[in-house]
Visitor: 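Structure below; questions to follow.
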2 protein chains.
Amino acid sequence: MILMTLNIEQTFKAIADPTRRAIIGLLAEKERAAGDVARRFAISRPAIAKHLKILREGGIVVTRRDGRERFNRLNPEGLKMIFDWIAHYERFWDEKLLSLKKAAEKGKEG
Amino acid sequence: MILMTLNIEQTFKAIADPTRRAIIGLLAEKERAAGDVARRFAISRPAIAKHLKILREGGIVVTRRDGRERFNRLNPEGLKMIFDWIAHYERFWDEKLLSLKKAAEKGKEG
DNA sequence: TTGACATGTAACTAAAAGATTACATATAAA
DNA sequence: TTTATATGTAATCTTTTAGTTACATGTCAA
């Protein structure tokens, strides 16, 4: 069993790049071999290999090996970490939700 | 009225930096003058001024002028943009929610 | 076993990011 | 009207990032 210290810093850096977000979009459809991912971009295959590594280190992607191929798929951990961080500020844009929450705390509907 | 083309790219870059995320945390408490923000960090005041500018350009912070001070506060737009992006992948970590949604679509409880 | 394929890493380069100091501008206070 | 305060910007430097080409490794197919 491999234990990874999932650094939130790495996760935020991972999603900051547009190419990596595009990769995330591709992997949301289905898992894909590294080459399959690379084929869909104009940049070189090694560049994509590095992006995949960064996504892996950010806890956003996990890789499964099958023969000479490495299949990449989305990992819940990383994206959830970002979601939790941002959800913490939800009240700033969802006033309605805020009042609902307050009402719930009071034990009556808002 | 000022129209800003809110670039999602800038927004993701804005939250990628740890100092800027710390600033977001501070502004979540209350609006603060630029100097008030700067005082809480070890780095120079101009560095913070730049971070605030980046947050502003990312649609995460808006600034209100009062005399010689500039009060900064969180702006819903930017963070909501990130939230919407990430919420799009919610199903990857919240299987339960997914089944609830599916059940709702079918018109019966899950 | 030889050759092709799939992938990752090393070395290097160019561009972007984050910080600093110096300076300019606007407003409050003496 | 001086002086001090609050802030933003310019010029500059260093580090990090994203990309490239060359190369090493491992696996499948002849």
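Chain A is the first sequence line, chain B the second, and so forth, proteins listed ahead of strands; every chain is numbered from 1. Given the structure is predicted, the values throughout are model-derived calculations rather than measurements.
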Visitor: What is the distance, rounded to the nearest whole Å, between atom CD1 of A:Ile15 and atom P of D:dT17?
Guide: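 One finds 15 Å between P of D:dT17 and CD1 of A:Ile15, rounded.
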
Visitor: Anything under 3.5 Å between a donor and an acceptor, one on a side chain of residues 29-38 of chain B, the other on a protein residue two or more places apart or in another chain? List them.
Guide:
| from | atom 1 | to | atom 2 | distance (Å) |
| --- | --- | --- | --- | --- |
| B:Glu29 | OE1 | B:Arg32 | NH2 | 2.6 |
| B:Glu31 | OE1 | B:Arg64 | NE | 3.4 |
| B:Glu31 | OE2 | B:Arg64 | NE | 3.4 |
| B:Glu31 | OE2 | B:Arg64 | NH2 | 2.3 |
| B:Arg32 | NE | B:Leu26 | O | 3.3 |
| B:Arg32 | NH1 | B:Asp36 | OD2 | 3.4 |
| B:Asp36 | OD1 | B:Arg40 | NE | 3.0 |
| B:Asp36 | OD1 | B:Arg40 | NH2 | 2.9 |

Visitor: Which part of the nucleic acid, if any, lies within contact of B:Arg20, taking any heavy atom under 4.0 Å across all strands shown: a base, the sugar-phosphate backbone alone, or nothing?
Guide: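 The residue B:Arg20 makes sugar-phosphate contact but no base contact.
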
Visitor: In whole Å, I'd like the distance from the NZ atom of A:Lys13 to the C1' atom of D:dA18.
Guide: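 In whole Å, D:dA18 C1' and A:Lys13 NZ are 14 Å from each other.
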
Visitor: Is the charged tip of B:Arg21 near the ring of A:Phe12: under 6.0 Å from the six-membered ring centre and within 45° of its axis?
Guide: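 Ring-cation test returns yes.
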
Visitor: What contact category does B:Ala34 fall into here, base, sugar-phosphate, or nothing, at under 4.0 angstrom with non-hydrogen atoms?
Guide: sugar-phosphate

Visitor: What distance separates A:Arg20 CZ from A:Lys13 NZ, expressed to the nearest 0.5 Å?
Guide: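 The NZ atom of A:Lys13 is 10.0 Å from CZ of A:Arg20, to the nearest 0.5 Å.
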
Visitor: Between the base of D:dT7 and the side chain of B:Lys53, is one N or O donor paired with an acceptor at under 3.5 angstrom?
Guide: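 Counting by modelled atom types and ignoring angles, no donor-acceptor contact under 3.5 Å is found here.
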
Visitor: Find which nucleotide of DNA chain D each of B:Gly35 and B:Lys50 is nearest to by heavy atoms, and output the residue with the more 5' nucleotide.
Guide: B:Gly35

Visitor: B:Ile8, A:Ile82: one ILVMFWY side-chain cluster at the under-4.5 Å cut-off?
Guide: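 Hydrophobic grouping puts B:Ile8 with A:Ile82.
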
Visitor: Among B:Arg73, B:Arg56, B:Glu69, find the one that has a side chain to side chain donor-acceptor pair (under 3.5 Å) with B:Thr63.
Guide: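 The residue from B:Arg73, B:Arg56, B:Glu69 that satisfies side chain to side chain donor-acceptor pair (under 3.5 Å) with B:Thr63 turns out to be B:Arg56.
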
Visitor: In whole angstroms, how far is the P atom of C:dT21 from the CD1 atom of B:Ile43?
Guide: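 Between P of C:dT21 and CD1 of B:Ile43: 12 Å.
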
Visitor: How many whole angstroms separate atom CG of A:Leu52 from atom P of C:dT7?
Guide: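 After rounding, the gap between these two atoms is 10 Å.
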
Visitor: Rounding to an integer number of Å, can you tell me how far A:Asp36 CG sits from C:dC5 C1'?
Guide: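 Those two atoms, CG and C1', are 15 Å apart.
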
Visitor: Please report, rounded to the nearest Å, how far the C1' atom of D:dT7 is from the CZ atom of B:Arg39.
Guide: 13 Å

Visitor: Categorize A:Ala33 for me: base, sugar-phosphate, or nothing, with a 4.0 angstrom heavy-atom threshold over every strand shown.
Guide: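 Here A:Ala33 touches the backbone only, sparing every base.
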
Visitor: Starting at CZ of B:Phe12 and ending at P of D:dT17, how long is that distance when rounded to a whole Å?
Guide: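 It is 18 Å, rounded to the nearest whole Å.
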
Visitor: Centre-to-centre under 6.0 Å for A:Phe83 and B:Tyr89, is that the case here?
Guide: no

Visitor: State whether A:Ser44 places a side-chain N or O below 4.0 Å from either non-bridging phosphate oxygen (OP1 or OP2) of D:dT20.
Guide: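 Affirmative; the distance criterion is met.
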
Visitor: Using only side-chain N and O atoms of A:His51, determine if any of them is under 4.0 Å from OP1 or OP2 of D:dT17.
Guide: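 No, no such contact exists.
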
Visitor: Could you state the atom-to-atom distance from CD1 of A:Ile48 to C1' of D:dT20 in whole Å?
Guide: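 After rounding, the reported distance stands at 13 Å.
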
Visitor: Which pairs of donor and acceptor atoms, one on a side chain in residues 74-81 of chain B, lie under 3.5 Å apart (sequence neighbours left out)?
Guide:
| from | atom 1 | to | atom 2 | distance (Å) |
| --- | --- | --- | --- | --- |
| B:Asn75 | ND2 | B:Gly59 | O | 2.9 |
| B:Lys80 | NZ | B:Asp84 | OD1 | 3.0 |
| B:Lys80 | NZ | B:Asp84 | OD2 | 3.1 |

Visitor: Looking at residues 61-69 of chain A, who's got a heavy atom less than 4.0 Å off DNA chain C?
Guide: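 When residues 61-69 of chain A is checked for heavy atoms under 4.0 Å from DNA chain C, the hits, listed by number, are A:Arg68, A:Glu69.
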
